[in-house]
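In what follows, a structure is listed as structure tokens, so that the remarks can point back to it.
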Amino acid sequence: MLLRRPRPDAVELADLGPLAQLRAGRLGRRIPQLFLGLWLYGAAMAMFIRSGLGLDPWDVFHAGLQQMLGWSFGTVVIVVGFAVLLLWIPLRQWPGLGTVANAVVIGVATDVTLGLVPAATQWPASWLLLVGGLVVNGIAGALYIGSQLGPGPRDGLMTGLARRTGWSLRLVRTGLELAVLAIGWALGGTVGIGTVVYALSIGPLVQFFLPMVIVRLDPVRPPLAAPAAAQAPC
């Protein structure tokens with residue numbers, strides 16, 4: 001019987017609770033990597049917006065709410081992030097440091113980048129922003145996932161629903177993204193070729209970059225058992 005060797009690019013993400021994530025060590029690298037990834041993620045979102053070629057499903061939803069509420073895009077991202085976190089309560093999920101940071105940093109980074117990058121007025125600039133945004137988004141997603149400090153609010157909602165309902169993660173993700181896409185489009189969010197390109201390319205991009213940046217965690221040691229004499233009742 002031949003044994004299959006593990007692929008050299010295989011990646012194992014730890015399944016840890018919020019406290020265990022912090023106890024797993026290497027925070028001197030993981031926390032800066034987390035915040036760098038989140039900031040780049042927000043910058044990539046702004047690049048998609050400025051391209052004018054379409055947004056990913058959740059950002060179509062954010063853009064639709066922005067049209068309705070008149071808030072800045074980043075403010076909508078932050079408010080929706082915390083609203084989604086409230087849905088974690090009935091799912092009995094606990095946010096990690098990365099989850100809370102995700103809800104805030106991405107929105108701030110998006111607004112800052114929107115203030116620096118003008119909207120594209122010609123198609124070469126539009127495609128440059130779209131393709132550049134995709135690459136930056138792939139790197140950013142790999143960085144913050146690879147820091148192993150907790151999923152973002154929207155990803156945690158997907159995994160929580162999948163666990164509680166017994167449905168496949170693919171089914172839950174597809175259903176949620178189609179729902180927010182439809183609502184966002186109805187509210188005036190931008191759907192275009194960029195929406196399709198994002199859906200087809202972001203998964204492979206994150207998978208490509210993740211093995212390069214994932215932080216291998218230290219094993220979490222269980223607490224030492226008390227000596228038998230100390231456990232005996234007095």
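Considering only residues two or more places apart in sequence or on other chains, Q21 meets the side-chain hydrogen bond (donor to acceptor under 3.5 Å, both in side chains) condition with none of them. Here V112 pairs with W39, V108, L116 under the side chain to side chain contact (heavy atoms under 4.5 Å, CB included) rule; sequence neighbours left out. Partners of T75 by side-chain hydrogen bond (donor to acceptor under 3.5 Å, both in side chains), not counting sequence neighbours, listed by chain and number: S72. For the side-chain hydrogen bond (donor to acceptor under 3.5 Å, both in side chains) test, residues two or more places apart in sequence or in another chain that qualify with D59 are H62. Partners of R173 by salt bridge (charged side-chain N to carboxylate O under 4.0 Å, His left out), not counting sequence neighbours, listed by chain and number: E177. Every residue meeting the ring-ring contact (aromatic ring centres under 6.0 Å, His included) condition with Y198, not counting sequence neighbours, appears here in chain and number order: F48. R26 is linked by a salt bridge (charged side-chain N to carboxylate O under 4.0 Å, His left out) to D218, counting only residues two or more places apart in sequence or in another chain.
Grouped with V196 in one hydrophobic cluster are L200, the linkage being side-chain heavy-atom contacts under 4.5 Å among Ile, Leu, Val, Met, Phe, Trp and Tyr residues. Chaining together hydrophobic side chains whose heavy atoms lie under 4.5 Å apart leaves L128 on its own.
Using a 4.5 Å heavy-atom threshold, the side chains of V60 and T190 count as separate. Side-chain contact between L149 and L22 is present, with at least one heavy-atom pair separated by less than 4.5 Å. No side-chain heavy atom of L161 sits under 4.5 Å from any side-chain heavy atom of W167. The closest side-chain heavy-atom distance from M68 to L65 is below 4.5 Å.
Rounded to the nearest 0.5 angstrom, M47 CE and L40 CG are separated by 10.0 Å.
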- request: Start with the C-alpha distance between I202 and D56, add both sets of side-chain angles, then the distance that settles side chain to side chain contact (heavy atoms under 4.5 Å, CB included), and finish with yes or no.
  value: CA-CA 10 Å; I202 195 59; D56 73 87; over 6 Å; no
query: side chain to side chain contact (heavy atoms under 4.5 Å, CB included) between Q33 and I31: does it pass, once the steps are laid out?
result: CA-CA 5 Å; Q33 177 172 315; I31 291 178; over 6 Å; no
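Residues L181 and I193 share a hydrophobic cluster, clusters being chains of Ile/Leu/Val/Met/Phe/Trp/Tyr side chains in contact below 4.5 Å. Taking hydrophobic clusters as Ile, Leu, Val, Met, Phe, Trp and Tyr residues chained together by side-chain heavy-atom distances below 4.5 Å, M212 shares a cluster with Y41. Transitive grouping of hydrophobic side chains (ILVMFWY, heavy atoms separated by less than 4.5 Å) brings I106 and W58 into a common cluster. No chain of hydrophobic side-chain contacts below 4.5 Å, direct or via other Ile, Leu, Val, Met, Phe, Trp or Tyr residues, connects V100 to M158. Tracing side-chain contacts under 4.5 Å through hydrophobic residues (I, L, V, M, F, W, Y), one never reaches V180 starting from L178; they form parts of separate clusters.
No donor-acceptor pair under 3.5 Å is formed between the side chain of R50 and the backbone N or O of A120. In this structure a side-chain-to-backbone donor-acceptor pair under 3.5 Å is missing from S51 to L130. Of the possible donor and acceptor atoms, none in the side chain of Q148 sits under 3.5 Å from a partner among the backbone N and O of L217. In this structure, T99 contributes its side chain and P151 its backbone to a donor-acceptor pair below 3.5 Å.
Pairs passing the side chain to side chain donor-acceptor pair (under 3.5 Å) check and including a residue from residues 112-130, sequence neighbours excluded, do not occur.
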Run the side-chain donor-acceptor check on residues 81-96: report pairs under 3.5 Å with partners two or more places apart or on a different chain.
| residue | atom | partner | partner atom | Å |
| --- | --- | --- | --- | --- |
| W88 | NE1 | P153 | O | 3.0 |
| Q93 | OE1 | R163 | NH1 | 2.9 |
| Q93 | NE2 | G156 | O | 2.8 |

Donor-acceptor list for residues 138-147 side chains, cut-off 3.5 Å, not counting sequence neighbours:
| residue | atom | partner | partner atom | Å |
| --- | --- | --- | --- | --- |
| Y144 | OH | D155 | OD2 | 3.4 |
| S147 | OG | Y144 | O | 2.7 |

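Across all non-hydrogen atoms, the minimal contact from T195 to L55 is OG1-O, 2.8 Å. Nearest heavy atoms, V213 versus R29: O-NH2, 3.0 Å. Counting all heavy atoms, side chain and backbone alike, F73 lies closest to D111 at N-OD1, 3.7 Å. Across all non-hydrogen atoms, the minimal contact from R154 to V77 is NH2-O, 3.1 Å. When all heavy atoms are compared, the tightest approach of L97 to L34 is CG-CD2, 4.3 Å. The two residues W71 and Q66 come nearest to each other via the heavy atoms O-CG, 3.0 Å.
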